[in-house]
Amino acid sequence: MASRTRPNQILFCVSDDEKKIIQEKMAMLGTKNIGAYLRKMAIDGYIINVDYTETKKLIAAVSKIGANINQIVRRMNSMGHFYKEDIDELKEKLDQVCVGHNPTKKGTHRNR
């Protein structure tokens with residue numbers, strides 16, 4: 001046990017009901033490692049589970065818009081002009097991001 005980072009072992013017993021509650025709370029957090037869960041709870045007393053699904057979708061959408069802008073700028077630099085369809089496509093994608101992020105602000109950027 002000399003190579004372990006946590007050489008001290010703590011053992012305790014729980015009832016069947018307590019074990020079930022612990023397992024349910026672990027399932028809610030999506031964790032399967034009971035040692036890590038119990039250690040975190042014993043030290044900090046709480047675990048915050050954050051769902052980043054919507055944030056990841058927003059980041060992906062903004063990244064796609066950025067890629068489109070880069071393509072248009074490259075075309076402008078090489079050809080000296082751009083097409084109205086390119087700008088319309090960018091505005092449409094920006095609308096999708098804005099609506100997905102804040103449904104009360106539909107298409108507000110187009111009036112600028």
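All of these numbers come straight from a predicted model, not from anything done at the bench.
Partners of Lys57 by salt bridge (Lys or Arg N to Asp or Glu O under 4.0 Å), not counting sequence neighbours, listed by chain and number: Glu54. Considering only residues two or more places apart in sequence or on other chains, Lys19 meets the side chain to side chain contact (heavy atoms under 4.5 Å, CB included) condition with Val14, Gln23. Residues passing the side chain to side chain contact (heavy atoms under 4.5 Å, CB included) test with Ser15 are Asp17, Glu18, sequence neighbours excluded. With sequence neighbours left out, the side-chain hydrogen bond (donor to acceptor under 3.5 Å, both in side chains) criterion links Thr53 to Asp51.
By the rule that hydrophobic residues join a cluster once side-chain heavy atoms approach within less than 4.5 Å of another member, Ile59 and Val62 end up as members of separate clusters.
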Can you give me every donor-acceptor pair (side chain of residues 30-45, partner residue at least two apart or in another chain, under 3.5 Å) with its distance?
unit_1, atom_1, unit_2, atom_2, d
Asn33, OD1, Gly35, N, 3.1
Asn33, OD1, Ala36, N, 3.0
Lys40, NZ, Asp44, OD2, 2.4

